[in-house]
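First comes the structure, then the notes that go with it.
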Amino acid sequence: MEKLGFENDDGSAPAEHKQANPQEERKQYIQHCIQALEHACQCHDAHCPWPMCQKMKRVIRHTKKCSRKANGGCNICKQLIALSCYHAKHCQELKCPVPYCPNIKHKLKQQQLQLQQKSVHFH
C-alpha cells in the first residue's frame with residue numbers, strides 16, 4: 001500500500017512506527033492510519049492539534065469530490081477505500097461515519113452468507 005502522506009516531512013515514517021520487521025512496521029502504520037481515519041470522521045475541531053487528523057480530513061474531502069475515483073484512476077481514493085476495508089472488518093457501529101464503511105460491511109456480510117451457503121451445499 002502506498003503511504004497516504006502521513007510520514008514526516010523528510011519522507012520517513014513517524015518514529016513510533018519504526019520496527020526491525022517491515023511487515024510489523026506496515027501493520028502498525030495501517031493501524032495508525034485507521035485510528036486517524038476514525039478520529040477524523042468524528043472530529044469537529046477545525047484546529048485539532050493532531051497532524052494526522054488534519055491530513056486525513058483532507059483525504060476524506062478529496063474523495064468526496066474526486067472525479068477520477070469512479071473509473072479507479074485515483075490512488076488517494078484507492079488508499080482510503082483500502083483503509084475503510086480494514087476498518088470495516090472490525091467495525092461494530094450501526095451508523096459508522098467512516099467513508100464506505102456501511103457499504104463494505106454490507107458486502108462482507110453478503111460474502112459471508114454466500115460462503116456459508118456454499119459450505120452447506122458441500123456437506
Side-chain angles (χ1 to χ4, degrees):
M1 170 186 267
E2 197 175 304
K3 299 203 175 186
L4 288 168
F6 299 120
E7 57 276 332
N8 294 325
D9 290 336
D10 65 358
S12 66
E16 72 254 24
H17 296 293
K18 293 194 177 177
Q19 303 284 323
N21 180 343
Q23 284 181 313
E24 186 61 28
E25 179 181 339
R26 183 175 186 272
K27 186 178 172 182
Q28 287 189 0
Y29 175 78
I30 290 170
Q31 192 59 44
H32 194 62
C33 290
I34 291 169
Q35 289 171 347
L37 175 62
E38 292 168 349
H39 170 87
C41 289
Q42 297 177 24
C43 179
H44 300 290
D45 183 356
H47 303 289
C48 181
W50 191 25
M52 291 275 295
C53 176
Q54 297 301 321
K55 289 180 181 183
M56 191 58 74
K57 284 178 180 176
R58 282 196 301 271
V59 169
I60 293 166
R61 276 193 306 271
H62 164 86
T63 59
K64 287 181 179 177
K65 59 184 176 181
C66 180
S67 59
R68 294 186 313 163
K69 76 174 171 219
N71 61 10
C74 179
N75 285 334
I76 294 171
C77 293
K78 285 181 193 175
Q79 290 170 12
L80 182 72
I81 292 168
L83 271 184
S84 295
C85 285
Y86 282 115
H87 159 84
K89 288 179 182 178
H90 303 285
C91 180
Q92 301 295 315
E93 301 252 350
L94 291 175
K95 293 188 177 189
C96 183
V98 172
Y100 310 107
C101 179
N103 292 340
I104 294 167
K105 282 194 294 192
H106 180 71
K107 286 183 181 182
L108 288 172
K109 278 185 180 175
Q110 283 181 325
Q111 287 175 349
Q112 195 174 25
L113 287 172
Q114 287 174 346
L115 287 174
Q116 287 173 351
Q117 288 173 348
K118 285 180 183 178
S119 68
V120 168
H121 292 292
F122 288 119
H123 294 290

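- For the pair Ile104/Lys89, no side-chain contact is recorded, criterion being any heavy-atom separation below 4.5 Å from C-beta on.
- Closest approach of Cys41 and Val98 over heavy atoms only: SG-CA, 3.7 Å.
- Heavy atoms from other residues, nucleotides or ligands lying under 6.0 Å from CG of Leu113 number more than 12.
- When all heavy atoms are compared, the tightest approach of Met56 to Leu37 is CG-CA, 3.6 Å.
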In a table with atom names and distances, give each donor-acceptor pair under 3.5 Å that connects a side chain of residues 44-53 to protein atoms at least two apart or in another chain.
{"residue": "Asp45", "atom": "OD1", "partner": "His47", "partner atom": "N", "Å": "2.8"}
{"residue": "Asp45", "atom": "OD1", "partner": "Cys48", "partner atom": "N", "Å": "3.4"}

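- Atom SG of Cys77 is separated from atom CD1 of Ile60 by 11.5 Å, given to the nearest 0.5 angstrom.
- In this structure, Gln23 places its CD atom where only 12 or fewer heavy-atom neighbours from other residues, nucleotides or ligands lie under 6.0 Å away.
- With sequence neighbours excluded, no residue satisfies ring-ring contact (aromatic ring centres under 6.0 Å, His included) with His62.
- Counting only heavy atoms from C-beta outward, the side chains of Gln54 and Lys57 approach each other to under 4.5 Å.
- Every residue two or more places apart in sequence or in another chain was checked for a side chain to side chain donor-acceptor pair (under 3.5 Å) with Gln92, and none qualifies.
- Separating the CD atom in Gln31 from the CG atom in Leu83 is a distance of 10.0 Å, to the nearest 0.5 Å.
- Atoms CD and CD, on Gln116 and Gln112 in that order, are 5.5 Å from each other to the nearest 0.5 Å.
- Rounding to the nearest 0.5 Å places CG of Asn75 at 12.5 Å from CG of Leu80.
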- Show your working on side-chain contact (heavy atoms from CB on, under 4.5 Å) between His87 and Cys96 and close with a plain yes or no. CA-CA 10 Å; His87 159 84; Cys96 183; 3.2 Å; yes
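- Looking at Lys105, its side chain does come within 3.5 Å of a backbone N or O of Glu93 through a donor-acceptor pair.
- In this structure, the separation between NZ on Lys78 and OG1 on Thr63 is 14.5 Å, given to the nearest 0.5 Å.
- The side-chain contact (heavy atoms from CB on, under 4.5 Å) check on Gln42 picks up Pro97, with sequence neighbours excluded.
- Atom-to-atom distance recorded for Gln114:CD and Lys109:NZ is 14.5 Å, nearest 0.5 angstrom.
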